[in-house]
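So the structure is just underneath, and the comments pick up after that.
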Amino acid sequence: MTVPASGFIMENGGSSCLPLPPDVENRIVSELVNQSESNLKEGNPYYVISNRWFRRWQLYVGLSTDEFSSEDHSSDSQHCNMVPPNVVERPGPIDNSDIIINGSDSSENNDLELKSFLEERRDYVLVPSEVWEKLHDWYKGGPPIPRKMISQGVNQRNFSVEVYLLCLKLIDARDGSECTVRLSKKATVIDLREKVFALKGIKQEKARIFDYFNQQKQSILDGTSQTLEELNLQMNQHILLEVDGPTPQTGMDATRNELALVALEPSRSPLSIAGGPVMSNGHSSGYGYQGSSFSTSVADMDDRNDLSNTAKRKEKGGLAGLQNLGNTCFMNSALQCLVHTPPLVEYFLQDYSEEINAENPLGMHGELAIAFGELLRKLWSGQTTIAPRVFKGKLARFAPQFSGYNQHDSQELLAFLLDGLHEDLNRVKRKPYFETKDSDGRPDVEVAEECWRYHKARNDSLIVDVCQGQYKSTLVCPVCGKISITFDPFMYLSLPLPSTVTRSVTVTVFYGDGSGLPMPYTVTVQRHGCTKDLTHALATACCLKSDENLLLAEVYDHRIYRYLDNPLESLTSVKDEEYLVAYRLPQRESGRPKLEIIHRSLEKCPMERVKGMERKLFGTPLVTYLGEDFHSGADINAAVSKILLPLRRTYSSTKSNGSKENGFVSEMNDEPANCSPQSVSRSQAVDIEIEEASENEPSFQLFLTDDRSLSCKPIEKDSAIKYGPLVKVFLDWTDKEHELYDVSYIKDLPPVHQTRFMKKTRQEAISLFSCLEAFLTEEPLGPDDMWYCPRCKEHRQATKKLDLWKLPEIIVFHLKRFSYSRYLKNKLDTFVDFPIHNLDLSKYVKSNDGKSYLYNLYAISNHYGGLGGGHYTAYAKLIDEKRWYHFDDSQVSPVGEEEIKTSAAYLLFYQRVET
């Protein structure tokens, strides 16, 4: 690829100092980005650039800014994302000052320190080094913030740029001074030692560095090739430098702190590491599988010195907190709920070593189950606070999406843990293959038992035994009616809040025959519904007569942008900020030519240097059918007069007093319309006015136009009109029309959904049952989730219905509070009322397996605050007590049962009540 230099290439071979045109800059950067993306590998250099500056550059070269920004956009920016080049001024020098801490000169290394909690695409962007070199060549500025791409994960390798380097606080034991060392978490201990010793100007043989987590000596960091990530070193933790300190053999420093200097083989026990007896210090004495990945190492001897002194115990187990290791409250919340799940506690406090499946290619070689089991044992050993460094390290290794120090979703972590524990404990070593069979009209009981038998033949673990249920899924093709029934397992139920399943849509309904005034209606429809659903809801709301049809249309810029005449068109194409109208038209005239009336008025030209008048569109187009005897311009004039009749001003005797408000018939759109006798009497009044007006019909200034509204031909009363399925005319309003008709009825349409400038009202509480019913309600699939119909041989937007078939001992409800769209991230803080005792699910279960369907609540994962941040906590009920506790990271405190119901409830954990 040939890339031009930073200036124009002149004919004589020289280069000018003029900047490149914006489109050329854009082309060069795009080519370099594509080239880099085609050659991703560990170690590739990248640079961090402030998104504030980068968005200015994007606008300058005519790019959409949405690609790199997740900020909320105004309505203007949504319609103006593509900006023509040369319209925006060229940005100044690159300026990264808004994403770095001023004057940061970490540890005399002049390493720039990024501000905390920055988000990619919101605060910064990452560009390949080749792009940085070009941008810096063109614009100068900076400062440069170089980073490298790293590879993470074991089963699945993920590439990511390490934006935040591991920050370690180095304490020099000689004088107690503290400084900061930053380097990659992929750096080895050798790299760390070289950097520290060079920084302090000392020889390696005369000094030692210790893992000083929680300011307690954990282990010596000798010249190993292990990475800092493998040693579970955490962001902002301490490391200790000792010069001429105690020899490694002593195992004690001057303060008599125990040192883990070398990895010693633990004392042998007839039980394994998973089932070893718990010693007085809260650690199992077991041994690993020698020579395998289970072998105990220095890093596995997790946090012997926790936040509190190990001698400080609580009388009862299960009341230990979990230290926050940097935005790990999401992990702590989910873990506290799991470690207080009675069947899991009973299982992991016993010897489960024989069930470890180290050969499962879908598992984590048993390491996740062992790390979870060891953590659960510590939490039930009577300690006050545990720092789950080893568990977090295993999590980052097998699920790199949870690595780093950003906030994550406790439900996503729970899903990974349940699935990972299942695979690590799967009793099936060789999974048989079964071909999926169609139900083919067989009884549901037979099909369900067959599916569960096949599932158990491949998946058999503690998690399946206590956490997995089964639901029935029914899909129906909207075209051929093909019905597909399957029975699938589940480990939790993600329940939508009713407001996320449905949406409110406002449509203004016009009378196409001129028999009534327009009226806006707000109806509720399925979020992934179709125009047929909207039409049906509108018909009910406006009391549509049996001999009438509704014609839906979208209005844009005072014209009809499109007709929504396809009943299967998805409503996802209708945005909240758009305008919808519907025309009530007689069924008997269906198929007749439609007359579309577009309104214009004469207004002064806004440009001062041009004096005169210009015609501008206003209002909402009106639509009616043309009669069978339609031939001339006079017929169009009559149709216009008829449809405008409801807007005609009716003066009372008070007009002479100048009271405009009392001079007109009261407006009908002050209150919602209904099918009351008053509405009928108004319609009768209009019919009388039509008869009277027909004798003295006004004459309008009408102009025939084409489909694109480009031509304009005057319509005379005796003009012969050539027409097709649609006749479009301009109606020019003069002072006479404005005096005769009230145009306020056709102006200022309400949008589909008023999202801006609305007063925020308190949302009503909903019940867990209404969420469950919304989950089980039949609904059409989304446009991105189409179903392949085996009969049609095409993807169809089928309707889907779920039913509960088999319920597990432990059932987890996930309340879907978070919603995401292109322009908006949202969290619903709606209060969901849920039972604490005797949750009865019997009416929702379609089978009868003789088991109890009553459940009691025992744990809750809570989320407070908004997206991209906030805080997670947990409520859990101790197994041996009838008492609830609040787990807020390392803080644990009792809480009354009446206090656990809040609008922060996110995950609800229930256990079956055995009868």
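- The existence of a salt bridge linking Lys431 and Glu423 is confirmed by a sub-4.0 Å separation between a basic side-chain nitrogen and an acidic carboxylate oxygen.
- Electrostatic pairing of Asp409 and Arg817 does not count as a salt bridge here, judged by no charged N lying under 4.0 Å from a carboxylate O.
- The heavy-atom pair separating Tyr521 from Ala541 by the smallest distance is CE2-O, 3.6 Å.
- With sequence neighbours excluded, the residues forming a side chain to side chain donor-acceptor pair (under 3.5 Å) with His814 are Ser494, Tyr906, listed by chain and number.
- Open room surrounds CG on Asn848; 12 or fewer heavy atoms of other groups in view lie less than 6.0 Å from it.
- Nearest heavy-atom pair across Pro646 and Ile643 is CD-O, 3.4 Å.
- Crowding of Arg588 atom CZ: a count of heavy atoms from other residues, nucleotides or ligands under 6.0 Å not exceeding 12.
- A salt bridge links Glu794 with Arg796; the closest basic N to acidic carboxylate O contact falls under 4.0 Å.
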* Kindly indicate, with the supporting measurements, whether the criterion salt bridge (Lys or Arg N to Asp or Glu O under 4.0 Å) is fulfilled by Arg562 and Glu569. => CA-CA 12 Å; Arg562 59 173 179 145; Glu569 181 177 353; 2.4 Å; yes
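- Heavy atoms of other residues, nucleotides or ligands lying less than 6.0 angstrom from NZ of Lys532 number 12 at most.
- Using modelled atom types, one side-chain atom of Asp424 and one backbone atom of Met364 make a donor-acceptor pair closer than 3.5 Å.
- Judged purely by distance below 3.5 Å, without hydrogens or angles, the side chains of Glu773 and Thr777 never pair a donor atom with an acceptor atom.
- A salt bridge links Arg503 and Asp576; the closest N-O separation between the charged side-chain nitrogens and carboxylate oxygens is under 4.0 Å.
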* Run the side chain to side chain contact (heavy atoms under 4.5 Å, CB included) check on Lys429 and Asn357 step by step: do they pass? -> CA-CA 7 Å; Lys429 300 300 189 286; Asn357 188 341; 3.7 Å; yes
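- Closest approach of Ala639 to Leu626, counting heavy atoms only: CB-CD2, 4.3 Å.
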* Asked: Can you check side-chain hydrogen bond (donor to acceptor under 3.5 Å, both in side chains) on Ser847 and Asp849, steps first, answer last?
  -> CA-CA 6 Å; Ser847 67; Asp849 56 6; 4.9 Å; no
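- A cation-pi geometry, defined here as NZ or CZ lying under 6.0 Å from the six-membered ring centre and within 45° of its normal, holds between Lys806 and Trp452.
- One distance of note links OG of Ser842 with CG of Leu807; it measures 10.0 Å at 0.5 Å rounding.
- Between Tyr910 and Tyr855, the gap from one ring centroid to the other reaches at least 6.0 Å.
- Heavy-atom neighbours of Arg453 CZ from other residues, nucleotides or ligands within 6.0 Å: above the threshold of 12.
- For the residue pair Asp513 / Ser515, a side-chain donor-acceptor distance below 3.5 Å is found, with atom types taken as modelled.
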* Given Val729 and Glu596, is the side chain to side chain contact (heavy atoms under 4.5 Å, CB included) satisfied, shown in steps? -> CA-CA 6 Å; Val729 299; Glu596 187 177 305; over 6 Å; no
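- You'll find the side chain of Thr506 stays beyond 4.5 Å of the side chain of Leu580, heavy atoms only.
- Annotation: Phe159, atom CZ; neighbour count of heavy atoms from other residues, nucleotides and ligands within 6.0 Å is above 12.
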* To do: In sequence, state the C-alpha distance, the side-chain angles, and the governing distance for Gln587 and Glu548, and then conclude on side-chain hydrogen bond (donor to acceptor under 3.5 Å, both in side chains).
  => CA-CA 5 Å; Gln587 283 185 1; Glu548 289 180 314; over 6 Å; no
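- Heavy atoms only, all atoms of each residue included: Pro586 and Tyr625 are closest at O-CE1, 3.7 Å.
- For the 3.5 Å distance criterion, the side chains of Ser504 and Thr522 fail to qualify, holding no donor opposite an acceptor.
- Taking the six-membered ring where tryptophan is involved, the planes of Phe490 and Tyr471 are essentially parallel, since the angle between them stays under 30° and well short of 60°.
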* To do: Apply the test ring pair (Phe, Tyr, Trp, His ring centres under 6.0 Å) to residues Phe487 and Trp805: give CA-CA distance (whole Å), side-chain angles for both, the deciding distance (0.1 Å), then the verdict.
  => CA-CA 8 Å; Phe487 290 84; Trp805 189 265; 5.2 Å; yes
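- Within 6.0 Å of the CG atom in Asp707, the count of heavy atoms belonging to other residues, nucleotides or ligands does not exceed 12.
- The OG atom of Ser461 sits 5.5 Å away from the CD1 atom of Ile463 when rounded to the nearest 0.5 Å.
- No option in Asn566, Val581, Val507, Asp565 other than Val507 meets the side chain to side chain contact (heavy atoms under 4.5 Å, CB included) test with Leu552.
- Between Leu841 and Leu772 the shortest side-chain heavy-atom distance falls below 4.5 Å.
- Open room surrounds NE2 on His536; 12 or fewer heavy atoms of other groups in view lie less than 6.0 Å from it.
- A donor-acceptor pair shorter than 3.5 Å can be found between the side chains of His455 and Gln468.
- No cation-pi contact links Lys843 to Tyr853, judged by a cut-off of 6.0 Å to the six-membered ring centre and 45° from its axis.
- With contacts defined as side-chain heavy-atom distances shorter than 4.5 Å, the pair Val832/Cys771 qualifies.
- Looking at every heavy atom in both residues, Ser861 comes nearest to Ser410 through OG-OG, 3.3 Å.
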* side chain to side chain contact (heavy atoms under 4.5 Å, CB included) between His599 and His558, worked out -> CA-CA 8 Å; His599 309 282; His558 310 294; over 6 Å; no
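- Aromatic ring pairs are classed by plane angle as parallel below 30°, tilted from 30° to 60° and perpendicular above 60°; the pair Phe769 and Tyr844 is parallel.
- The backbone N or O of Arg427 sits nowhere less than 3.5 Å from a side-chain atom of Asp460 that would complete a donor-acceptor pair.
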